Amino acid sequence: MKEYLQLIFNEAAEKLEYLNGLNLVFDIPKTESHGDLSSNAAMLLAKKLKRKPREVAEEIISSLNYDSENIKKVEIAGPGFINFFFTPSFIAKIAKEILTEENYFGHSKKYAGKKANVEFVSANPTGPLTVGHGRNAVFGDTIANLLESVGYSVDREYYFNNAGRQMRVLGDSVRLRYLELLGIKVDFPEDYYQGEYIKEIAKSLLDEFGDKLLNESAEGKFKEKAETEIFKDIKKSLEKLKIIHKIFFNENSLYEEGKIRGTIESFKEKKLIYEKDGATWLKLIELGNEQDKVIVKSSGEPTYRLPDIAYHIVKFNRGYDLMIDIFGSDHNATYPDVLAGLKALGYDSDKVKVLIHQFVTIMDGGEVVKMSTRKANYITLDQLVDEVGADVVRYFFNMRNITTHMNFDLSLAKKQSDENPVFYLQYAHARICSILKMIEKENLKASTENLDLLSTNEEQQLLKKLHQFKEEILISAELFETHRICTYLEELAALFHKFYTFCRILGSERKLAEARVALALATKIVIKNGLSILGVNAPERM
RNA sequence: GCGCCCAUAGCUCAAUUGGAUAGAGCAACAGCCUUCUAAGCUGUAGGUUAGUGGUUCGAUUCCACUUGGGCGUACCA
């Protein structure tokens, strides 16, 4: 529908000079009596032209040359809106398009040929993924899906660090548990990793090596074993959610390949660093930020900023057009420094999009569960997936804007999971599958020959919603918002259920029945394509 | 103190990025199954969009301040 309006406006622009260069937007009015699509162009132009908006609207309408087969009415309303009413037969044509394009419908090629990188999860291998990581993981993977659906070729990447203090403590935690198993009394520090999984790793080392590791250092076999075991679990948890990273990038490789040193050199050349108190500082104030920060500690170890910058340079050099970083809100202070550093070194930091999601508050029976990996006081992502299922988890994390601090009530999720909207969508899909089986027996088929028979209110509203799918995906991808897809699909499913209730197939005249089957099939395709972007299954029966 | 994010129906959240009468789900109440899945549909009720100003034809959306919450504010990541 919008494409058609765009077309006739472009034609009109040849007559009306002032239409050129105008950012044309067609909105779907909330009230049905305001038409199918609405333009505020006249109101925007009125100011520029210093004329009355309704007068400008009048002039625009008289220059529009449209086919009455497609548009049945154009009117001016309110302060100067131009409202367009499409003919039912034009609206119904979408069903044919959907049936033709099938699985591809909704996808587009707007960003074909572009390369994107989505870096997400990126939890260091110090323990199992928690529910908190779940939001990051699901969101990141869905953003990657969305980008792919508008043409990007996407690499999913996981950045991790297996060196540093955190990992030393991890290794030593395992070592102490190992000694305990050998009957040696140890003093297990409170700030060490308390989780059961540490004991399990220690146990497997005991099984494998017996007491041969008595004098092994924390950073030897202990850390090594902990890392491989924990990573194995992390990958398994992600796979349950259909999340597979293509690249696992080890921060350590930046040191080994001299990227850290190289980055420092680059800053030095630009005279952007100085020495103070034995440390190396980056002149961030000069780059427009709040204060200068240390990039190499007096101990000689870099702070996280330096490897982060070096890492992004590596990504830039791979030639991505778009690089997305997905972080929790605890990182909100870190990225401006990194972006400023990149920009100073001549990289186009606009290509890096940092998406910050707010924290998930876990509730259990009305009480807040405080989570800490260190204290082993957490609910793992695995437990959650096992309890409510991957579909619910994926849908739940996708259905909300990442800017919201979301509450996840575990007892509610377990007990009343059938109230989750994901079932509402899946049910609509299953219902359609059931119709398709039924019509075979009745010797009916989906036909797009007589779509103009789809003229009831329920049919028309459903068809109009189908028109929006493609644009909804494009907007979601461009704004990096997955929850829009959920909202859209819920609206679509609601309209389908209404159609199902009021527009029977059996008992209708054959041509109408077959047009309705085509509409049901088109709806099924869109639901399935939408769920597929979200990474949620579309079951044939429930 | 300063920075970022947030505040919308009893609860969880939307609102086409500045559009016309702010919408869904859950919970509550009243209805609808001898015909394609009742995990559904129809209806009722529920709001000073945290507050106060401002910008303009028009503000939940933009700006300022206030209040309340989250996360930061390291030579931790």
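For clarity, every value in this text was computed on a predicted model and none was experimentally measured. In the text below, chain A, chain B and the rest are named by the order of the sequence lines, each starting its count at 1.
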Does any nucleotide pair with [N] by Watson-Crick or G-U wobble geometry, both distances under 3.5 Å, and what is it?
N      : value
B:rA20 : none
B:rU37 : none
B:rC11 : B:rG25
B:rU42 : B:rA30
B:rA77 : none
B:rC62 : B:rG54

Quiz item: Given that A:Asn401 and A:Asn83 both sit by RNA chain B, which one's nearest nucleotide is further toward the 5' end?
Solution: A:Asn401
Quiz item: Of A:Asn124 and A:Ala430, whose nearest nucleotide on RNA chain B comes first from the 5' end?
Solution: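 Nearest nucleotide further toward 5': that of A:Ala430.
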Can you tell me if [X] touches the phosphate of [N], counting only side-chain N or O atoms and a distance under 4.0 Å to OP1 or OP2?
X        : N      : answer
A:Lys276 : B:rC75 : no
A:Lys30  : B:rG23 : no
A:Arg431 : B:rA38 : yes
A:Ser329 : B:rC71 : no
A:Tyr424 : B:rC41 : yes

Self-check item: SG-NZ distance between A:Cys433 and A:Lys524, expressed to the nearest 0.5 angstrom
Solution: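 Separation between the atoms: 4.0 Å.
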Quiz item: Once you round to the nearest 0.5 Å, how far does CD1 of A:Ile295 lie from CZ of A:Arg305?
Solution: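 Going from CD1 on A:Ile295 over to CZ on A:Arg305, the span is 9.5 Å.
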Tell me whether the side-chain N or O atoms of [X] pair up with the base of [N] as donor and acceptor below 3.5 Å, since no angle test is needed here.
X        : N      : value
A:Asp330 : B:rC71 : no
A:Thr303 : B:rA77 : no
A:Asn40  : B:rA20 : no

Distance, [atom1] atom - from [M] to [N], rounded to whole angstrom:
N      : M      : atom1 : value
B:rU44 : B:rC36 : C1'   : 30 Å
B:rU67 : B:rG25 : P     : 38 Å
B:rG18 : B:rC63 : P     : 10 Å
B:rC5  : B:rU37 : C1'   : 44 Å
B:rG23 : B:rA38 : P     : 29 Å
B:rC4  : B:rC62 : P     : 14 Å
B:rC13 : B:rU49 : C1'   : 14 Å
B:rG10 : B:rC57 : P     : 35 Å

Select base, sugar-phosphate, or nothing to describe what [X] touches, counting heavy atoms under 4.0 Å on all strands.
X        : result
A:Cys433 : nothing
A:Thr361 : nothing
A:Leu479 : base
A:Ala77  : base

Exercise. Could you check A:Tyr18 against A:Glu59 for side chain to side chain donor-acceptor pair (under 3.5 Å), going step by step and ending with a plain yes or no?
Key: CA-CA 11 Å; A:Tyr18 57 70; A:Glu59 193 169 80; 2.5 Å; yes
What's the closest nucleotide to the side chain of [X] if the choices are [options]?
X        : options                : value
A:Phe502 : B:rU16, B:rC75, B:rU42 : B:rU42
A:Tyr500 : B:rC13, B:rC57, B:rU37 : B:rU37
A:Met438 : B:rG19, B:rC41, B:rC36 : B:rC36
A:Asn332 : B:rC57, B:rC4, B:rU42  : B:rC4
A:Lys297 : B:rU16, B:rG40, B:rC76 : B:rC76
A:Phe359 : B:rC71, B:rC75, B:rU37 : B:rC71
A:Met43  : B:rC57, B:rA39, B:rU37 : B:rC57
A:His34  : B:rA15, B:rA20, B:rG40 : B:rA20
A:Thr31  : B:rC41, B:rC75, B:rU21 : B:rU21

Quiz item: Do A:Lys2's NZ or CZ and the ring of A:Phe26 fall within the cation-pi criteria of under 6.0 Å and 45°?
Solution: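 No, cation not above the ring by the 6.0 Å, 45° rule.
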Rounded interatomic separation in angstrom, taking [atom1] from [X] and [atom2] from [N]:
X        : N      : atom1 : atom2 : answer
A:Ile475 : B:rA15 : CD1   : C1'   : 13 Å
A:Arg504 : B:rC36 : CZ    : P     : 6 Å
A:Arg168 : B:rC76 : CZ    : C1'   : 11 Å
A:His483 : B:rU17 : NE2   : P     : 13 Å
A:Ile295 : B:rC76 : CD1   : C1'   : 17 Å
A:Arg400 : B:rC26 : CZ    : C1'   : 11 Å
A:Asp277 : B:rC75 : CG    : P     : 10 Å
A:His405 : B:rC4  : NE2   : P     : 14 Å

Quiz item: What do the steps show when you test A:Asn450 against A:Glu514 for side chain to side chain donor-acceptor pair (under 3.5 Å), and what is the final call?
Solution: CA-CA 8 Å; A:Asn450 298 288; A:Glu514 295 196 331; over 6 Å; no
Quiz item: Syn or anti for B:rU48, taking syn as within 90° of 0?
Solution: anti
Quiz item: Under the rule syn = chi within 90° of 0, otherwise anti, which is B:rC57?
Solution: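 This nucleotide is in anti.
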Exercise. Give a yes-or-no answer on whether the side chains of A:Ser38 and A:Asn83 include a donor-acceptor pair shorter than 3.5 Å.
Key: yes
Self-check item: Ring-ring centroid check A:Phe231 A:Phe160, cutoff 6.0 Å
Solution: yes
Exercise. Kindly say whether A:Phe105 contributes a backbone atom to a donor-acceptor pair with the side chain of A:Asn529 at under 3.5 angstrom?
Key: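 Yes, the answer is positive, given that a donor and an acceptor are paired below the 3.5 Å cut-off.
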Practice problem: Report yes or no: does A:Arg54 contribute a side-chain atom to a donor-acceptor pair with the main-chain N or O of A:Gly78 at less than 3.5 Å? | Solution: yes
Quiz prompt | A:His331-B:rA77 aromatic stacking (under 5.5 Å, under 30°) | solution = no
Quiz item: Are A:Phe81 and B:rG19 stacked, counting the six-membered base ring, centres under 5.5 Å, planes under 30°?
Solution: no
Which atom pairs, one a donor and one an acceptor, fall under 3.5 Å between side chains of residues 492-503 of chain A and the rest of the protein, sequence neighbours left out?
{"from": "A:His497", "atom 1": "ND1", "to": "A:Arg431", "atom 2": "NH1", "distance (Å)": "3.0"}
{"from": "A:Thr501", "atom 1": "OG1", "to": "A:His497", "atom 2": "O", "distance (Å)": "2.8"}

